[in-house]
Number of protein chains: 2
Amino acid sequence: MGEQKLFIPKGYRKTKQREAILKVLERAEYPITAEHIFMELKNDGIDISLSTIYRNLEMLTKEGLTVKSYMMNEDKARYALPDKKNYLVCEKCGKIVIIDNCPFDKFKEELIEVHGFDITGHSIEVYGICPECQKK
Amino acid sequence: MGEQKLFIPKGYRKTKQREAILKVLERAEYPITAEHIFMELKNDGIDISLSTIYRNLEMLTKEGLTVKSYMMNEDKARYALPDKKNYLVCEKCGKIVIIDNCPFDKFKEELIEVHGFDITGHSIEVYGICPECQKK
DNA sequence: GTTTTTTTGCAAATCATTTGCATTTGGAAG
DNA sequence: CTTCCAAATGCAAATGATTTGCAAAAAAAC
Ligand SMILES: [Mn+2]
Ligand SMILES: [Mn+2]
Ligand SMILES: [Zn+2]
Ligand SMILES: [Zn+2]
């Protein structure tokens, strides 16, 4: 359940770099940076250029397979599969927790009605203090 | 109603640059960039350095008087008063519409219960096609 | 008014991201 | 299995928003 297989979109070639990037995105538990993918692949012994990673992330995002977002006090973009796009971030330790069962869908109807927009996507970022940090 | 007066937070000095920046943020209808503030002030005949703007925005955000956000396909930060932080963006024309009566508060309780976070803030960005662009 | 501390402006530095270009690769076609 | 061409990659250089060091200007304190 919840499994989401990434695939190389129609019209694009299958390359080992492309597949490696997809694999990293699949196993990531929350939005990650291009640099993170780079290091992760270096670990796996896969040599790849950062610009290739950026070019692929741009493509994947354009095709709707990944979602780009920015986090508080970070000046780098993060990318994730759509089902990991809404999250909680702890302001103290940086822990990230994915919000499942996105509550947004309930609003959607109301927003369409009030503003007349045809809604194609959204992202929600929530800041707070995680349970562990609250104890400290 | 809904009026929100910005003020220079306790411990910081009152300077004409600071006040000018606050004024621009107050009259903005949606999140704006540092560059936007810069040009707006140039119009008003106020000479100010971009780095002064960035330094003040950082301070205001740290003090919670403004909220920083990033928009799809833009690599610049935007800043707004907290009540303008949730918005709809048209993917075609870029029009921005503020979401009042933020629906998030209803979720808040649920999130607190499920994840145990002490929630301090959030931001919601919604993408779609505005009514005008739908007609084209 | 003098002193002390903050703030500003300017120029230089940062650093994530993008881009140009030569080279390699995927896969369609024969 | 070769041939061929468009797509993809790597590398280095460029970009552009944001940050920073430092000396000068301005605010609040004394
Ligand atoms: Mn930066
Ligand atoms: Mn940039
Ligand atoms: Zn924490
Ligand atoms: Zn539009």
Side-chain angles (χ1 to χ4, degrees), chain A residues 6-25 28 31-42 44-63 65-80 94, chain B residues 6-25 28 31-42 44-63 65-80 94:
Chain A
L6 265 190
F7 52 96
I8 294 175
K10 187 76 180 153
Y12 297 94
R13 293 181 177 173
K14 176 170 163 179
T15 67
K16 76 168 194 297
Q17 294 90 335
R18 199 106 81 188
E19 295 194 301
I21 293 171
L22 292 180
K23 228 169 275 175
V24 174
L25 285 165
I32 55 182
T33 65
E35 183 72 30
H36 179 96
I37 295 176
F38 181 73
M39 294 189 294
E40 197 81 353
L41 290 180
K42 180 160 286 178
D44 298 1
I46 296 173
D47 205 23
I48 188 175
S49 158
L50 246 186
S51 42
T52 294
I53 295 177
Y54 276 113
R55 279 190 273 236
N56 273 287
L57 288 173
E58 183 187 16
M59 178 277 271
L60 291 170
T61 300
K62 186 173 60 176
E63 298 298 334
L65 296 181
T66 52
V67 178
K68 186 179 181 180
S69 64
Y70 288 87
M71 282 182 42
M72 194 73 119
N73 295 327
E74 260 192 7
D75 75 332
K76 352 178 213 239
R78 285 178 178 251
Y79 301 81
Chain B
L6 266 190
F7 53 95
I8 294 175
K10 187 77 180 156
Y12 296 94
R13 292 180 178 174
K14 177 171 162 179
T15 69
K16 76 168 193 297
Q17 293 89 338
R18 200 105 83 188
E19 295 194 301
I21 292 170
L22 292 181
K23 228 169 276 174
V24 175
L25 285 166
I32 55 182
T33 64
E35 184 71 30
H36 179 97
I37 295 176
F38 181 73
M39 294 190 294
E40 197 82 353
L41 290 180
K42 179 160 285 178
D44 298 1
I46 295 172
D47 204 23
I48 187 174
S49 158
L50 247 184
S51 43
T52 295
I53 295 177
Y54 277 112
R55 279 190 275 236
N56 273 288
L57 289 172
E58 183 187 18
M59 179 278 271
L60 291 170
T61 300
K62 185 173 63 177
E63 298 299 333
L65 295 181
T66 51
V67 178
K68 185 178 181 180
S69 64
Y70 287 87
M71 282 180 44
M72 195 73 119
N73 295 327
E74 259 193 8
D75 75 332
K76 352 178 214 242
R78 285 177 178 252
Y79 301 82

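Letters go in sequence order (proteins before strands), and every chain restarts at 1.
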Participant: May I ask you to list the residues of residues 8-16 of chain A, by number, that have any heavy atom positioned under 4.0 Å from an atom of DNA chain D?
Facilitator: A/Y12, A/R13, A/T15
Participant: Take atom CD1 of A/I37 and atom C1' of C/dA16, then tell me their distance rounded to the nearest Å.
Facilitator: 14 Å
Participant: At what distance, to the nearest 0.5 angstrom, does NZ of A/K76 lie from CG of B/D75?
Facilitator: 15.5 Å
Participant: How long is the line joining CD of A/E74 and C1' of D/dT19, in whole Å?
Facilitator: 17 Å
Participant: Nearest 0.5 Å, please: how far is OG1 in B/T66 from CD1 in B/I32?
Facilitator: 10.0 Å
Participant: Please give, in whole Å, the distance from D/dA17 P to B/H36 NE2?
Facilitator: 15 Å
Participant: In Å and rounded to the nearest 0.5 Å, what is the OH to OH distance from B/Y79 to B/Y54?
Facilitator: 6.5 Å
Participant: Specify the separation, in whole Å, of atom CZ of A/R78 and atom C1' of C/dA16.
Facilitator: 14 Å
Participant: Check each residue of residues 47-63 of chain B for a non-hydrogen atom within less than 4.0 Å of any atom in DNA chain D, then write out the ones that pass by number, or none.
Facilitator: B/S51, B/Y54, B/R55
Participant: Would you mind reading off the distance between B/I21 atom CD1 and C/dT7 atom C1', rounded to a whole angstrom?
Facilitator: 11 Å
Participant: Nearest whole Å is fine: how far is C/dT14 C1' from A/K76 NZ?
Facilitator: 12 Å
Participant: side-chain contact (heavy atoms from CB on, under 4.5 Å) with A/Y70: which residues, sequence neighbours excluded?
Facilitator: A/K68, A/A77, B/Y70
Participant: Could you tell me the separation between the CD1 atom of B/I53 and the CD1 atom of B/I37, rounded to the nearest 0.5 Å?
Facilitator: 6.0 Å
Participant: Whole-Å distance between D/dT18 C1' and B/F38 CZ?
Facilitator: 14 Å
Participant: What is the distance, to the nearest angstrom, from the CG atom on B/D75 to the P atom on D/dA14?
Facilitator: 19 Å
Participant: Look at atom CD of A/E58 and say whether more than 12 heavy atoms of other residues, nucleotides or ligands are closer to it than 6.0 Å.
Facilitator: no
Participant: Working to the nearest 0.5 Å, report the span between CZ of B/F38 and CG of B/L50.
Facilitator: 5.0 Å
Participant: Please check if atom CD in B/E40 has more than 12 non-hydrogen atoms from other residues, nucleotides or ligands closer than 6.0 Å.
Facilitator: yes
Participant: According to a strict under-4.0 Å criterion, is B/Q17 in side-chain N/O contact with OP1 or OP2 of C/dG9?
Facilitator: yes
Participant: Nearest 0.5 Å, please: how far is CG in A/L57 from CG in A/L65?
Facilitator: 11.5 Å
